[in-house]
Novice: 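I am attaching a structure below and will ask some questions about it afterwards.
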Amino acid sequence: MSSILFEIKDSIGLITLNRAEKYNAFNREMALELQQKLHEASINTDIRCIMITGAGKAFSAGQDLDEVVAKDGPDITSILEEHYNPVIRQIRSLEKPVLAVVNGVAAGAGANIALCCDIVIAARSSSFIQAFSKIGLIPDSGGTYFLPRLVGWQKASALAMLGDKVPADEAEKMGMIYKVFDDAVFMEEAYKLAGVLAVMPTKGLAYTKQALNASFCNNYNEQLILEEELQEKAGQTADYKEGVQAFLEKRKPIFKGE
Ligand code: LHQ
């Protein structure tokens, strides 16, 4: 059985972390397979939105700790350089919206892979844990970058040091994630949201993502210049023309992602 499941339906690419018996903890095989599937999803023009979720009870418990103590297991540098950092870079540079569908506990690198996605939704019973400090490590997989930007310095600092378990409702309140849904309707709501994203102007969303990525480091003037550059590109898409036309004709637009 593959450690990553991948299916395509209605322009949505669903990636499922599939090591349920280990709470979808990442070993080398799963990390490399995830990179492969993200790559496939990025080049497949039938896909206009990507969902990442976990099989079974958890989203992901982060690094498989059995692997790090295994005699021939990868060392920390190769885990970061070859497993997690490429995944974070892929998600942030992917020119399509990536939705984290957090179905259960998300801990360590599992939490931070979710938090680097464009939109994070969670089942009410799920939770987020910066588990690293409990084993003497620092938050990786972009945790020290994204977390303070999502929840502010003080909360990030406390969560990173204490490794508190943050219930989904609280994560939503503090701005760590977008929305929480009741478990009973969670997957249905996730598909609904992905369905909306998948028929939106995909290129415009990609440029939006590019602008938001840069806003973390650009100053105000640099960001205005970048917006100008990206808006110029968005204005040349067929979806922009369709959007304006549909508005003027008082009908629903049909965006093709072009
Ligand atoms: C696991 C794991 C796991 C193996 C649950 N590994 N089996 C980067 C650089 C280099 C090195 C290290 O890591 C990193 C990045 C990181 O991600 S560091 C952080 C690594 N993750 C953690 O420290 C989290 C460890 N797990 C937990 O704290 C708990 O399992 C959580 C809070 C996730 C869930 O707790 P429970 O709901 O009480 O479930 P459980 O503990 O009973 O786990 C269920 C099963 O999954 C269990 O197996 P078993 O055979 O006993 O049923 C666990 O052993 C297994 N599992 N996480 N990371």
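Both backbone and side-chain heavy atoms feed into the values below; hydrogens, waters and symmetry mates do not. We count ligands from 1, going down the list as the structure has it; atoms in each ligand are counted the same way.
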Novice: Can you confirm whether more than 12 heavy atoms, excluding those of Tyr240, are under 6.0 Å from its OH atom?
Specialist: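 For Tyr240, atom OH is not crowded (no more than 12 foreign heavy atoms under 6.0 Å).
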
Novice: Without swapping roles, check the side chain of Arg92 against the backbone of Asn213 for a donor-acceptor pair under 3.5 Å.
Specialist: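 Answer holds: no.
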
Novice: Check this for me: Tyr178, atom OH, are more than 12 non-hydrogen atoms of other residues, nucleotides or ligands nearer than 6.0 Å?
Specialist: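 No, not enclosed.
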
Novice: Kindly indicate whether a cation-pi arrangement holds for Lys192 with Phe181, taking the cut-offs as under 6.0 Å to the six-membered ring centre and within 45° of the axis.
Specialist: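 Relative to the ring axis of Phe181, which defines the angle, Lys192 lies outside at least one limit.
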
Novice: Same cluster or not: Leu147 versus Met161, using hydrophobic residues (I, L, V, M, F, W, Y) connected whenever any side-chain heavy atoms lie under 4.5 Å apart?
Specialist: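 No, separate clusters.
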
Novice: Among Val69, Asn24, Ile138, Asp66, whose heavy atom sits nearest atom 7 (N) of ligand 1?
Specialist: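 Residue with the shortest heavy-atom distance to the ligand atom: Asp66.
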
Novice: Among all protein heavy atoms, pick the one closest to atom 1 (C) of ligand 1 and tell me residue, atom and distance.
Specialist: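 Minimum-distance protein heavy atom for atom 1 (C) of ligand 1 reads Lys22 O, 4.0 Å.
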
Novice: Identify the closest protein heavy atom to atom 34 (C) of ligand 1: which residue and atom is it, and at what distance?
Specialist: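 It is Tyr23 CE2, 3.7 Å.
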
Novice: Hey, which atoms in ligand 1 end up nearer than 4.0 Å to a heavy atom of Leu137?
Specialist: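 Taking each heavy atom of Leu137 in turn, ligand 1 has 11 (C), 12 (C), 13 (O) under 4.0 Å.
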
Novice: Do the ring planes of Phe216 and Phe146 sit parallel (below 30°), tilted (30 to 60°) or perpendicular (above 60°)?
Specialist: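 Phe216 and Phe146: perpendicular rings.
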
Novice: Before signing off on this row, confirm whether Ile129 and ligand 1 have an N or O atom pair separated by under 3.5 Å.
Specialist: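 N/O-N/O distance below 3.5 Å does not exist for this pair.
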
Novice: Are Arg124 and Asp183 within salt-bridge range, i.e. N to O under 4.0 Å?
Specialist: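 The answer is no: the pair does not qualify as a salt bridge.
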
Novice: With heavy atoms of Ile76 as the reference, note each atom of ligand 1 found under 4.0 Å away.
Specialist: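 Ligand 1 atoms under the 4.0 Å threshold to Ile76: 10 (C).
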
Novice: Can you list the atoms of ligand 1 that are under 4.0 Å from a heavy atom of Gly62?
Specialist: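 In order of number, 17 (O).
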
Novice: Do ligand 1 and Asp140 have nitrogen or oxygen atoms that lie under 3.5 Å from each other?
Specialist: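 No, Asp140 has no N/O under 3.5 Å of an N/O on ligand 1.
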
Novice: Any protein heavy-atom neighbour for atom 28 (O) of ligand 1 (distance below 4.0 angstrom)?
Specialist: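 When distances to the protein are checked, atom 28 (O) of ligand 1 has no heavy atom within 4.0 Å.
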
Novice: Less than 4.0 Å between atom 54 (O) of ligand 1 and some protein heavy atom, yes or no?
Specialist: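 Under 4.0 Å from atom 54 (O) of ligand 1, zero protein heavy atoms found.
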
Novice: Are any of the side-chain heavy atoms of Leu137 and Gln63 separated by less than 4.5 Å?
Specialist: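 They are not in side-chain contact.
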
Novice: Strictly less than 4.0 Å: does any protein heavy-atom distance to atom 42 (O) of ligand 1 fall in that range?
Specialist: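 False for atom 42 (O) of ligand 1.
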
Novice: Could you identify the single nearest non-hydrogen protein atom to atom 6 (N) of ligand 1 and state the distance to 0.1 Å?
Specialist: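 Of every protein heavy atom, Leu65 N, 2.9 Å lies nearest to atom 6 (N) of ligand 1.
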
Novice: Does Ile79 reach the side chain of Phe26, with side-chain heavy atoms less than 4.5 Å apart?
Specialist: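 The answer is no; the side chains never approach within 4.5 Å.
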
Novice: Check whether any protein heavy atom sits under 4.0 Å from atom 24 (C) of ligand 1.
Specialist: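 Under 4.0 Å from atom 24 (C) of ligand 1, at least one protein heavy atom found.
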
Novice: For atom 39 (O) of ligand 1, state whether the nearest protein heavy atom is under 4.0 Å away.
Specialist: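 Under the 4.0 Å cut-off, atom 39 (O) of ligand 1 does have protein heavy-atom neighbours.
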
Novice: Above 12 or not: heavy atoms from other molecules or residues under 6.0 Å from CD of Gln231?
Specialist: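 Check fails, neighbour count at 12 or below.
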
Novice: For atom 13 (O) of ligand 1, grab the closest protein heavy atom and report residue, atom and distance to one decimal in Å.
Specialist: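 Nearest neighbour among protein heavy atoms for atom 13 (O) of ligand 1, to 0.1 Å: Gln63 CB, 3.0 Å.
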
Novice: Number the atoms of ligand 1 from 1 as they appear, then name those within less than 4.0 Å of a heavy atom of Phe132, with their elements.
Specialist: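 Result: 15 (C), 16 (C), 17 (O), 18 (S).
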
Novice: Which residue holds the protein heavy atom closest to atom 50 (O) of ligand 1, what is that atom called, and what is the gap in Å?
Specialist: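 Protein heavy atom at minimum distance: Glu21 O, 4.9 Å.
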
Novice: For atom 18 (S) of ligand 1, is the nearest protein heavy atom closer than 4.0 Å?
Specialist: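 There is a protein heavy atom less than 4.0 Å from atom 18 (S) of ligand 1.
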
Novice: For atom NZ of Lys155, decide whether the heavy atoms of other residues, nucleotides or ligands shown that lie under 6.0 angstrom number more than 12.
Specialist: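 Result for NZ/Lys155: open.
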
Novice: Under 4.0 Å from ligand 1, counting heavy atoms only, is it the side chain of Asp64, its backbone, both or neither?
Specialist: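 Both of them.
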
Novice: Looking only at distances, can you tell me whether any N or O atom of Ala109, backbone or side chain, sits closer than 3.5 Å to an N or O atom of ligand 1?
Specialist: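 For ligand 1, there is an N or O atom that lies under 3.5 Å from one belonging to Ala109.
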
Novice: Out of all atoms in ligand 1, which are within 4.0 Å of some heavy atom of Val68? Include the element for each.
Specialist: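 In order of numbering, the contacting atoms are 11 (C).
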
Novice: Would you confirm whether Glu172, through its side chain, and Ala122, through its main-chain N or O, come within 3.5 Å as a donor-acceptor pair?
Specialist: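 Looks like no, no N/O pair under 3.5 Å.
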
Novice: Strictly inside 4.0 angstrom of atom 31 (C) of ligand 1, do you find any protein heavy atom?
Specialist: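 No, because not a single protein heavy atom sits under 4.0 Å from atom 31 (C) of ligand 1.
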
Novice: Could you say whether the N/O atoms of Ala61 and ligand 1 ever approach to under 3.5 Å?
Specialist: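 It does: an N or O of Ala61 is found under 3.5 Å from an N or O of ligand 1.
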
Novice: Do Lys9 and Leu14 have side-chain heavy atoms sitting under 4.5 Å apart?
Specialist: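 No, side chains not in contact.
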
Novice: Test of understanding: clusters of I, L, V, M, F, W, Y form through side-chain heavy atoms closer than 4.5 Å, transitively. Do Ile138 and Val87 belong to the same one?
Specialist: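 Looking at the clustering, Val87 is in a separate group from Ile138.
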
Novice: Is the closest protein non-hydrogen atom to atom 9 (C) of ligand 1 under 4.0 Å?
Specialist: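 Yes, because at least one protein heavy atom sits under 4.0 Å from atom 9 (C) of ligand 1.
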
